[in-house]
Amino acid sequence: MIIEKLKDESQLTESERLIAHFLLDENNQIENLTSIEVGKRSYASQSAVVRLYKKLGISTYREFISKLVIEKREALKAENLVDDNPSQYFSSYDSTMNTIMKLYEKTLTNTNLLMNQNVVLRVCNRLMNATSIDIYGVGISYTIAKSMAFKLQALGMHASDHNGTNHYYLENMKDIKRNVSILISLTGSNETILNIAQKLKYKNAYTVGIMGRKDEKLNEYCQDCLLFDTHIYDDVDVMCSTIAAGYIVDLIYGILISRD
């Protein structure tokens, strides 16, 4: 998550951009550098370094560097897992199995890097206190919605899955303040899901988007969003997106089990 914020230069000052470029450079060994050294080597200042990690919500420099080093290591590992055209290796049982395992590992590693712990825990807290939970999906994302509803029901929660728009239900929702609505979109731009999200926002419902980062339109209508990795591999993108969305569902389920 730190890496993603450092890459988003629209939120950074010029000095912070210099620091971010230095920190993200794979050739720079940053683990043992002090904030003063980072400031000097990035042609900025120690005070700019401090402002940067404070802006990212991290209280100490050492915590900031430690987390960033771990994220860089995981990101580099993921980048080296699979070539640009993984399906070319679907030529035999063994090569297909190994390639898919690498794809899954890369997808989950990159999805973990996108996770914001505070958001995940906030979503879990809202689910635990909800009187009703509605989970929306369309097409293959509806399969994920059904799976999530089943898992939450197994924990004794009042969860329902919805395949597309149920206009009557949306117009007559009860106890809206204690309802949690979860919208799943593999692309983040499914028109039906966007339409549902708009209606729920108009009713001031608490909504959570579980969506691929390819197109984050859904983010505009949801109070909280959990992004998962989407690859540029057109031939296997659906496979990777499905496993990533399912992983987020299982992450939430696992946290809820630990609190049960």
Side-chain angles (χ1 to χ4, degrees), residues 100-101 103-117 119-166 169-170 173 178-197 200 205-216 218-219 221-231 233 236-260:
I100 290 176
M101 287 177 63
L103 278 170
Y104 279 14
E105 185 177 353
K106 182 171 185 176
T107 299
L108 299 184
T109 297
N110 286 338
T111 297
N112 271 329
L113 291 172
L114 294 172
M115 285 296 97
N116 184 317
Q117 179 179 326
V119 174
V120 175
L121 295 179
R122 181 166 59 244
V123 170
C124 290
N125 288 337
R126 293 296 295 260
L127 288 171
M128 291 182 68
N129 292 290
T131 55
S132 62
I133 303 165
D134 295 306
I135 309 167
Y136 298 87
V138 176
I140 194 168
S141 65
Y142 175 60
T143 303
I144 301 168
K146 285 184 66 176
S147 171
M148 186 174 194
F150 176 80
K151 290 171 181 175
L152 296 183
Q153 290 165 5
L155 296 176
M157 297 181 175
H158 190 272
S160 304
D161 56 81
H162 302 269
N163 188 1
T165 309
N166 184 332
Y169 179 79
L170 287 172
M173 290 178 69
R178 295 191 63 190
N179 172 268
V180 174
S181 294
I182 298 174
L183 302 108
I184 303 174
S185 173
L186 298 188
T187 61
S189 60
N190 180 276
E191 289 299 326
T192 300
I193 294 297
L194 288 174
N195 181 259
I196 296 170
L200 289 167
Y206 173 68
T207 53
V208 180
I210 298 179
M211 60 184 180
R213 62 178 304 190
K214 182 179 293 183
D215 188 339
E216 300 176 24
L218 185 57
N219 195 16
Y221 305 108
C222 297
Q223 281 89 336
D224 281 317
C225 282
L226 300 173
L227 297 176
F228 55 81
D229 184 48
T230 51
H231 294 307
Y233 314 130
V236 296
D237 188 46
V238 171
M239 177 179 70
C240 297
S241 297
T242 303
I243 194 69
Y247 169 73
I248 292 178
V249 169
D250 285 339
L251 176 62
I252 292 171
Y253 178 59
I255 292 171
L256 293 175
I257 286 177
S258 70
R259 298 181 177 184
D260 193 18

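Residue numbers count from 1 along this sequence.
Between the CZ atom in R126 and the CG atom in L121 there is a gap of 14.5 Å [rounded to 0.5 Å]. Between the CE atom of M115 and the CG atom of L108 there is a distance of 10.5 Å, given to the nearest 0.5 Å. The line from CG of N116 to SG of C225 is 11.5 Å long, rounded to the nearest 0.5 Å. Note that CD1 of I193 and OG1 of T207 are 11.5 Å apart. Values are rounded to the nearest 0.5 Å. Here the CD1 atom belonging to I133 is positioned 8.5 Å from the CG atom belonging to N179, to the nearest 0.5 angstrom. Taking CG of L170 as the start and OG of S181 as the end, the distance is 8.0 Å to the nearest 0.5 Å.
The nearest pair of heavy atoms linking N129 to R178 is O-NH2, 2.9 Å. When every heavy atom of C222 is checked against every heavy atom of G209, the shortest pair comes out as SG-N, 3.7 Å. Across all their heavy atoms, N163 and G139 have their closest contact at OD1-N, 4.3 Å. The shortest heavy-atom contact between L183 and A197 is CD2-N, 3.8 Å. Between D229 and T111 the shortest heavy-atom distance is N-OG1, 3.1 Å.
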Checklist entry - What do the steps show when you test H162 against I196 for side-chain contact (heavy atoms from CB on, under 4.5 Å), and what is the final call? => result CA-CA 11 Å; H162 302 269; I196 296 170; over 6 Å; no
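In this model, a donor atom of one side chain and an acceptor atom of the other lie less than 3.5 Å apart for R259 and N125. Remark: the D134 side chain and the S132 side chain contain no N/O donor-acceptor pair separated by less than 3.5 Å. Side-chain contact of Y206 with D224: a donor-acceptor pair under 3.5 Å is present, judged by distance alone.
With sequence neighbours excluded, no residue forms a side chain to side chain donor-acceptor pair (under 3.5 Å) with N190.
Side-chain contact between C124 and I252 is present, with heavy atoms from C-beta onward closer than 4.5 Å. Taking 4.5 Å as the limit, some side-chain heavy atom of M211 sits within range of a side-chain heavy atom of L227. With a 4.5 Å cut-off on side-chain heavy atoms, L186 and F228 count as touching. When side chains are defined from C-beta on, L200 counts as touching Y136, because their heavy atoms get closer than 4.5 Å. Side-chain contact between L127 and I182 is present, with heavy atoms from C-beta onward closer than 4.5 Å.
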Acceptor/donor pairs from residues 140-159 side chains to any protein atom, 3.5 angstrom cut, sequence neighbours excluded:
unit_1: S141; atom_1: OG; unit_2: V138; atom_2: N; d: 2.8
unit_1: S141; atom_1: OG; unit_2: V138; atom_2: O; d: 2.7
unit_1: S141; atom_1: OG; unit_2: I184; atom_2: O; d: 3.4
unit_1: Y142; atom_1: OH; unit_2: D161; atom_2: OD1; d: 2.7
unit_1: K151; atom_1: NZ; unit_2: D250; atom_2: OD1; d: 2.4
unit_1: Q153; atom_1: NE2; unit_2: A159; atom_2: O; d: 2.7

